[in-house]
Asks: 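Below is a structure I'd like to ask you about.
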Amino acid sequence: MFNKQDTFKLTEETKTVITSKQSDNPVAKMVIESLGITVEDLGDEAFLKVQSLGKIPAKYVVFIDEPALSNTKKSKKILSGLAALKEDSIVLLDSFEETNVSELFELITKSQYRFNKFKTEDQPKTNIITYTTTKDLQALVHQGIVFGEAINHTKELINTPYNYLNAEKLAEYAKALNNIPGVTVKIYEKSDCEAMNMGAFLGVNKGSTDAPKLIHIEYLGNPDHDEKTALIGKGVMYDTGGYSLKTPQSMPSMKMDMGGAATVLGAIEAISRLEAKANVSVVVAATDNRIGDNAVVPDDILTSAKGLTIEIVSTDAEGRLTLADALWFAQEKGATRMIDVATLTGAVVAALGDAYTGAFTNDEAFLHEVQNVAKQNNEDIWHLPIHEKYREELKSFSADISNKGGRMAGASIAAAFLEKFVDNNRPWIHLDIAGTSYNSKEGATGRVVKTLAKLFV
Ligand code: BES
Ligand code: MN
Ligand code: ZN
């Protein structure tokens, strides 16, 4: 009943067939019956690989439990199961419910990601062949693949070390997004930033031998509409701490300090490739943070583009300096609301670990909107407060504001600092992804990309 000539085009090379486990589906039913088993034999695994023993023209059959696709824990199992497939595979799309097709293809695309460009040994390549039989499904397949690819690109940027990815390289990467219809990319050089008086951003760059780059991307998918959302990513390409130097224990992994930038770049890639009907921009003030003859020292006072003066208490509180000018720039370019995404504080990691991204806002309705989208995508965002006391922590004897408060509530104090650079209650959300963006075991996680994209898609 299952032969090489049928619509699924199984060939001699086909080693693995992926199908839904749901037995009310005719294709799944056919596969299950061909194997001479029952659906009960498949148990409750989210991902199950069985040998076909020659009963169908493929060596293995993978059964995927469709409801598991939208469950965080179970979809992780599916992802790692798919990632372990080293053979050519065919996806029998016809056996999946339409509602699950996008998720399935996102998982398949993500399962193919490996950070192996620096491994000299040959890496096995997975080649997944897909068949779609209807036009409607093709759009969903496309959507899933775009989400998967955007997330993979974000991860690749975060995983790539500083000596291969400085601000200039990141700007080159961003520039290439120009190829997507509706997207314009502009790179502002150091001299342009000087002309805009971005003393806070440029102050962070002073110890560096690599030039800073301000990246501005615009996607106008709904030009008749007034709303213009800016996604602002922290782009500290490497954070040594500067003269407030990090310890040998806390410095490794600081290549990930551009995680916010990588996240918003992934988001706008998905938003624009999926032709969202929305106006979205990205702003990244990219530089590394290090010591050098010219580097800022504690007690220095910097003047931000907004005009506020900032006393440097710690050169390691650099992310907020770059974001201060990036927020100003986004508003200057007409953002009606803003979301900044940043690996901003160790304190948020102490508070929430890798379970939640920390969120701060001046507009609870806006944050609820984001949290709802996050929920639907199995991403967890926890609302943290900005209390008047945290604002007081930033009072400075010599300047308008200090860049560091006391030892407690570090994530909230950082948010209170950023808030100073948001004009007249313009809706704003600050996402601190220091705990969720990267971990040394799995590398970059790609979290938050899809939530940001799904706000518009
Ligand atoms: N990039 C770090 C925050 C960070 C810490 C990200 C751990 C990922 C993991 C940030 O620039 C930083 O150094 N923050 C300081 C702020 C302090 C000096 C006020 C911190 O959290 O210790
Ligand atoms: Mn720092
Ligand atoms: Zn940093």
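Quick caveat: nothing in here was measured; it's all calculated off a predicted structure. As the structure lists them, so they are numbered: ligands from 1, and atoms in each ligand from 1.
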Asks: Check this for me - ligand 1, Asp257, N or O atoms closer than 3.5 angstrom, yes or no?
Replies: yes

Asks: Under 4.0 Å from any heavy atom of Thr343, which atoms of ligand 1 are there?
Replies: 1 (N), 2 (C), 3 (C), 6 (C)

Asks: Counting distance only, does the side-chain N/O of Gln331 pair as donor-acceptor with the main-chain N or O of Leu327 below 3.5 Å?
Replies: yes

Asks: Quick one, Ile64 and Ile18 - any side-chain contact, counting heavy atoms below 4.5 Å?
Replies: yes

Asks: Under 4.0 Å between a Lys/Arg side-chain N and an Asp/Glu carboxylate O for Glu45 and Lys21?
Replies: no

Asks: Spell out, as yes or no, whether a donor-acceptor pair under 3.5 Å connects the side chain of Asp400 to the backbone of Thr309.
Replies: yes

Asks: Applying a heavy-atom cut-off of 4.0 Å, say which part of Lys234 lies close to ligand 1: side chain, backbone, both or neither.
Replies: side chain

Asks: Relative to the heavy atoms of Ala434, which atoms of ligand 1 are at a distance of less than 4.0 Å?
Replies: 6 (C), 8 (C)

Asks: For a ring pair (Phe, Tyr, Trp, His ring centres under 6.0 Å) check, start with the C-alpha distance between Tyr390 and Phe417, then their side-chain angles and the critical distance, and finish with the verdict.
Replies: CA-CA 9 Å; Tyr390 309 145; Phe417 180 95; over 10 Å; no

Asks: Between Asp65 and Lys74, is there a salt bridge with N-O shorter than 4.0 Å?
Replies: no

Asks: Is the distance between the Zn ion (ligand 3) and the nearest N/O/S atom of Glu318 smaller than 2.8 Å?
Replies: yes

Asks: Report, in ascending order of atom number, the atoms of ligand 1 lying under 4.0 Å from any heavy atom of Met256.
Replies: 8 (C)

Asks: OD2 (Asp257) to the Zn ion (ligand 3) to OD2 (Asp239): angle, nearest 10 degrees?
Replies: 90°

Asks: Could you tell me which N, O or S atom of Glu318 is nearest to the Mn ion (ligand 2)?
Replies: OE1

Asks: Counting heavy atoms only, which of Met258, Arg320, Met254 comes nearest to atom 16 (C) of ligand 1?
Replies: Arg320

Asks: Is the distance between the ring centroids of Phe329 and Tyr188 under 6.0 Å?
Replies: yes

Asks: Flag Lys234 as yes if one of its N/O/S atoms falls below 2.8 Å of the Zn ion (ligand 3), otherwise no.
Replies: yes

Asks: Run through Glu227, Lys228, His225 and flag the one making a side chain to side chain donor-acceptor pair (under 3.5 Å) with Thr336.
Replies: Glu227

Asks: Quick one: look at Asp239 and ligand 1, take heavy-atom pairs under 4.0 Å, and tell me if it's side chain, backbone, both or neither.
Replies: side chain

Asks: By atom name, which N, O or S atom of Asp239 is the nearest to the Mn ion (ligand 2)?
Replies: OD2

Asks: Number the atoms of ligand 1 from 1 as they appear, then name those within less than 4.0 Å of a heavy atom of Glu318, with their elements.
Replies: 11 (O)

Asks: Run down the list Gly242, Gly346, Ser314 and name the one with the heavy atom closest to atom 20 (C) of ligand 1.
Replies: Gly346

Asks: Would you mind telling me which of Glu168, Glu189, Glu172 makes a salt bridge (charged side-chain N to carboxylate O under 4.0 Å, His left out) with Lys213?
Replies: Glu189

Asks: May I ask you to check whether Lys246 has an N/O atom sitting below 3.5 Å from an N/O atom of ligand 1?
Replies: yes

Asks: Can you see whether Phe147 has Lys450 sitting over its ring - NZ or CZ less than 6.0 Å from the centre and within 45° of the normal?
Replies: yes

Asks: For ligand 1, is any non-hydrogen atom under 4.0 Å from Asn289's backbone (N, CA, C, O), its side chain (CB onward), both, or neither?
Replies: neither

Asks: Taking only Lys NZ, Arg NE, NH1 and NH2, and the carboxylate oxygens of Asp or Glu, determine whether Lys306 and Glu332 approach each other closer than 4.0 Å.
Replies: no

Asks: Looking only at protein heavy atoms, which one is nearest to atom 15 (C) of ligand 1, and what is the separation?
Replies: Asp316 O, 4.0 Å

Asks: In the protein, which heavy atom is nearest to atom 14 (N) of ligand 1, and how far is it?
Replies: Leu344 O, 3.5 Å

